[in-house]
2 protein chains.
Amino acid sequence: MATLRDVAREAGVSVATASRAINGLGNVTAPTRAAVMAAVKKLNFVPHSGARSLTRRKTDTVGVILPDLFGEFFSEIIRGIDLVAHESGMHLLLGNMHGSTHETAAAIAAMRGRVDGLLVMPPDLKPELLADYLDPALPTVLLNYDAGPLDLPFVAVDNYQGAYAMTAALIARGARQIVHIAGPKHNRDARDRQRGFVDAMSKIGGVRNPAILPGDFSEESGAQAARLLVQGQLPADAVFAANDQMAVGLIAGLAEAGKSVPKDVMVAGFDDIPLARHLNPSLSTMQVHIDRLGSTAMMMLLRILRGETLGAASATILTPELIARGTTAGAIHQESATAAPRA
Amino acid sequence: MATLRDVAREAGVSVATASRAINGLGNVTAPTRAAVMAAVKKLNFVPHSGARSLTRRKTDTVGVILPDLFGEFFSEIIRGIDLVAHESGMHLLLGNMHGSTHETAAAIAAMRGRVDGLLVMPPDLKPELLADYLDPALPTVLLNYDAGPLDLPFVAVDNYQGAYAMTAALIARGARQIVHIAGPKHNRDARDRQRGFVDAMSKIGGVRNPAILPGDFSEESGAQAARLLVQGQLPADAVFAANDQMAVGLIAGLAEAGKSVPKDVMVAGFDDIPLARHLNPSLSTMQVHIDRLGSTAMMMLLRILRGETLGAASATILTPELIARGTTAGAIHQESATAAPRA
DNA sequence: GTTCACACGGTAACCGGTTACAAGGCCGCA
DNA sequence: TGCGGCCTTGTAACCGGTTACCGTGTGAAC
């Protein structure tokens with residue numbers, strides 16, 4: 001591979017001149033520039049971004065660290081990030097923490113010197129740990145994670161409010177015995193959704209200890225919940241799953257047990273994954289514009305890179321929207337989400 | 001941010017010793033190493049990967065260039081790649097050609113000096129152009145693309161055979177008037193699938209010029225095809241869409257027009273996206289293990305990086321599998337896919 | 001006590017660019 | 001013709017690591 005020195009030699013100029021010509025720095029005469037460009041073409045020279053970023057002290061790359069890469073949720077986030085990054089000529093370096101704390105530390109450390117900033121989504125990490133791993137000098141925006149004491153900017157979905165609104169809607173629709181299928185215990189999204197559910201049940205439904213079944217956001221755990229529900233003879237006229245994936249498994253499980261949705265029991269999910277509208281009956285859910293999560297975070301990061309100072313106060317909270325579909329009989333009263341108190 | 005020299009100074013040793021201690025290179029005494037490590041801890045030193053890769057002449061990163069980042073298809077590919085890459089401690093640098101030829105060139109050029117190898121999926125690029133863009137010195141594996149004259153290793157899905165098998169199955173199931181919804185004209189996958197369909201129709205069905213409707217792989221174009229079909233009164237007892245996405249739109253369109261699937265018309269797709277099994281009736285399709293496309297390509301790239309020489313002869317062809325579901329009435333005779341001639 | 005081998009650790013070149021600074025050439029003006 | 005100033009170009013330091021090569025010091029062998 002040709003280097004800048006090869007080009008300079010070929011064009012009969014110094015490396016400095018070659019560099020200036022290639023980068024269009026003005027103080028190069030037209031003939032000199034032409035000679036350099038001819039050499040570039042002849043040798044098929046492409047600048048070595050690694051070396052370049054060493055001196056320029058910027059890499060035009062942002063690191064994206066996600067808990068996993070599975071499913072439409074993450075691909076939508078990446079797409080949202082890429083959309084904005086691409087406009088600014090930035091590249092994406094993917095890091096995957098593969099669910100392990102140790103891997104998370106490694107993923108973040110490996111980014112040093114490769115990226116100008118970081119987009120991190122650590123749904124089940126304690127803030128103190130995160131603080132240890134992150135380099136304070138590296139601009140960082142958190143995804144779907146309120147860093148609390150860390151004073152880092154973040155973009156999050158108002159899970160509490162969303163769950164509250166959905167629960168309210170189910171109650172308004174006439175449900176009295178609503179069961180919640182929770183997400184992973186350590187997952188913040190899951191916990192916030194559960195809190196929203198519990199609070200709505202208490203404040204609107206007047207129910208103190210609503211039934212909650214365990215789950216882990218997987219389709220299988222939704223099916224499992226269906227079994228528990230039916231075999232345990234848990235009285236329920238509606239089930240609110242903490243995400244759509246589990247709602248899908250739940251519906252399949254209920255169908256197997258001979259329960260009809262929404263006649264025997266209403267079902268609601270959270271996220272509005274593409275599959276939701278295609279189910280039969282179609283799934284009522286809280287719509288989250290997942291790609292906006294990514295693009296908003298990326299825009300915040302770009303602002304920091306341009307010199308602005310952003311802290312936790314600059315956080316953006318995306319409010320999910322209630323989408324009433326077939327699994328709640330299409331007759332949900334669309335309660336105003338803003339009626340719910342903030343967490 | 002602390003540099004190696006800072007660490008060396010703090011530990012009272014030279015940079016060389018610090019480097020050796022940190023990288024565990026043996027010729028350092030235990031006390032010296034301890035001193036260095038203490039300094040590392042104290043200064044919170046993390047090696048600068050950019051600088052390191054400059055001298056080591058490897059980046060532990062592979063570039064992944066995809067035509068787009070939309071939908072489950074690409075997220076599955078990335079997941080497959082990551083699975084293998086992660087095991088070898090490699091990182092992923094994402095490049096998106098955003099559908100434009102010019103962007104493709106830019107994306108590939110931007111990778112120079114950042115990656116040790118490239119995984120490229122250029123579904124609608126001419127091989128000659130691709131050859132111009134690619135650096136022959138950079139190990140490259142193509143995804144879903146037979147480079148033909150380029151002698152580059154690739155991983156592809158046997159689209160021809162898959163379409164042939166599906167068409168054969170529809171015929172075996174009793175369909176006589178099968179309509180194909182094609183994909184984008186310049187897309188190689190789409191063209192191969194169309195060829196498989198046409199050949200099967202001719203060789204097995206004895207039909208010379210089977211009906212083909214235009215499409216572009218989008219759900220909307222499937223719905224459009226449904227309209228054409230119904231309004232144009234095209235006689236059809238089965239429709240074979242070139243991908244699942246279009247089949248989904250098609251089914252919705254047919255339902256709107258009052259046509260029943262599979263009673264009035266059978267429907268088949270291609271890809272087996274996760275949605276397929278959840279439709280009602282569930283979608284018959286050719287199952288492609290998309291993640292394997294990615295992981296296989298990554299494994300080939302790793303072999304090249306380890307010193308092996310791989311050319312077009314080392315290509316891997318993944319054979320899709322027929323999945324008969326509800327939209328073909330669950331009664332398709334599973335014709336052996338191997339009965340079809342190779343393209 | 002001297003010599004030698006060997007292990008440890010330091011100096012400096014290098015990876016491939018960028019850029020501060022200096023040098024040289026050309027011009028205009030007196 | 002001589003001088004100053006500007007514009008172009010070259011030299012070399014630098015980014016932050018790695019590593020070839022060399023020097024030093026210790027212990028063992030004579």
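Numbered from 1 within each chain, the chains take letters A, B, ... in sequence-line order. As a basis for the values below, the full set of heavy atoms in this structure was taken, side chains included, without hydrogen atoms, waters or symmetry mates. These figures come from a predicted structure and were not determined experimentally.
Side-chain contact check for B/Leu134 versus B/Thr140: some heavy-atom pair is nearer than 4.5 Å. At a threshold of 4.5 Å between non-hydrogen side-chain atoms, the residues B/Leu66 and B/Val64 count as touching. Inter-residue side-chain proximity for B/Met121 and B/Phe74 is flagged as met; some heavy-atom pair is nearer than 4.5 Å. Proximity of B/Leu25 to B/Asn27: side-chain heavy atoms (C-beta onward) are separated by under 4.5 Å at one or more points.
B/Thr3 comes within contact range of the sugar-phosphate backbone alone, with a heavy-atom separation under 4.0 Å but no base atom that close. A/Ser49 comes within 4.0 angstrom of nothing in the nucleic acid, heavy atoms only. Within the 4.0 angstrom heavy-atom criterion, only backbone atoms of the sugar-phosphate kind lie near B/Thr29; the bases stay farther away. Nucleic acid contact class of B/Arg112 (heavy atoms, under 4.0 Å, all strands): sugar-phosphate only.
Summarising the geometry, the separation between CG on B/Asn23 and C1' on D/dG17 is reported as 9 Å, rounded to the nearest angstrom. When the P atom of C/dG17 is taken as reference, atom CG of A/Asp6 falls 9 Å away, rounded to whole Å. Residue B/Lys58 contributes atom NZ, which lies 10 Å from atom P of D/dT19 at whole-angstrom precision. Atom CG of B/Asn27 and atom C1' of D/dG23 are 15 Å apart (whole Å). Distance, A/Leu4 CG to C/dC14 C1': 16 Å, rounded to whole Å. B/Leu25 places its CG atom 12 Å from the P atom of C/dC8, with the value rounded to the nearest Å. Between B/His48 atom NE2 and C/dG16 atom C1' the separation is 14 Å, expressed in whole Å. When rounded to the nearest whole Å, the span between CZ of A/Arg57 and P of D/dG17 equals 10 Å.
Remark: B/Asp116 does not engage B/Lys58 in a salt bridge, criterion side-chain N to carboxylate O under 4.0 Å.
Side-chain atoms of B/Arg5 and base atoms of D/dG17 include a donor and an acceptor less than 3.5 Å apart. Residue side chain B/Arg20 reaches the base of C/dG10 through a donor-acceptor N/O pair under 3.5 Å, judged by distance alone.
Between C/dG17 and A/Ser53, no contact under 4.0 Å exists linking OP1 or OP2 to a side-chain N or O. The side chain of A/Ser14 contributes no N or O atom lying less than 4.0 Å from OP1 or OP2 of D/dT11.
Partner B/Asn96 forms a side-chain contact (heavy atoms from CB on, under 4.5 Å) with one of A/Ile78, A/Leu92, A/Asp82 and no other, that one being A/Asp82.
Here D/dG10 is the nucleotide among D/dG10, D/dG16, C/dA12 with the atom lying nearest to any side-chain atom of A/Thr17. In the set D/dG17, C/dT19, C/dT11, D/dG17 carries the atom at the smallest distance from any side-chain atom of B/Ala51. Among D/dG16, C/dG9, D/dG17, the nucleotide with an atom closest to any side-chain atom of B/Leu54 is D/dG16. Of the candidates C/dT18, C/dT11, C/dT19, C/dT19 carries the atom nearest the A/Ala16 side chain, counting heavy atoms from C-beta on.
Residues A/Thr55 and B/Gly12 each lie close to DNA chain C; by heavy-atom proximity, the contact nearer the 5' end of the strand is made by B/Gly12.
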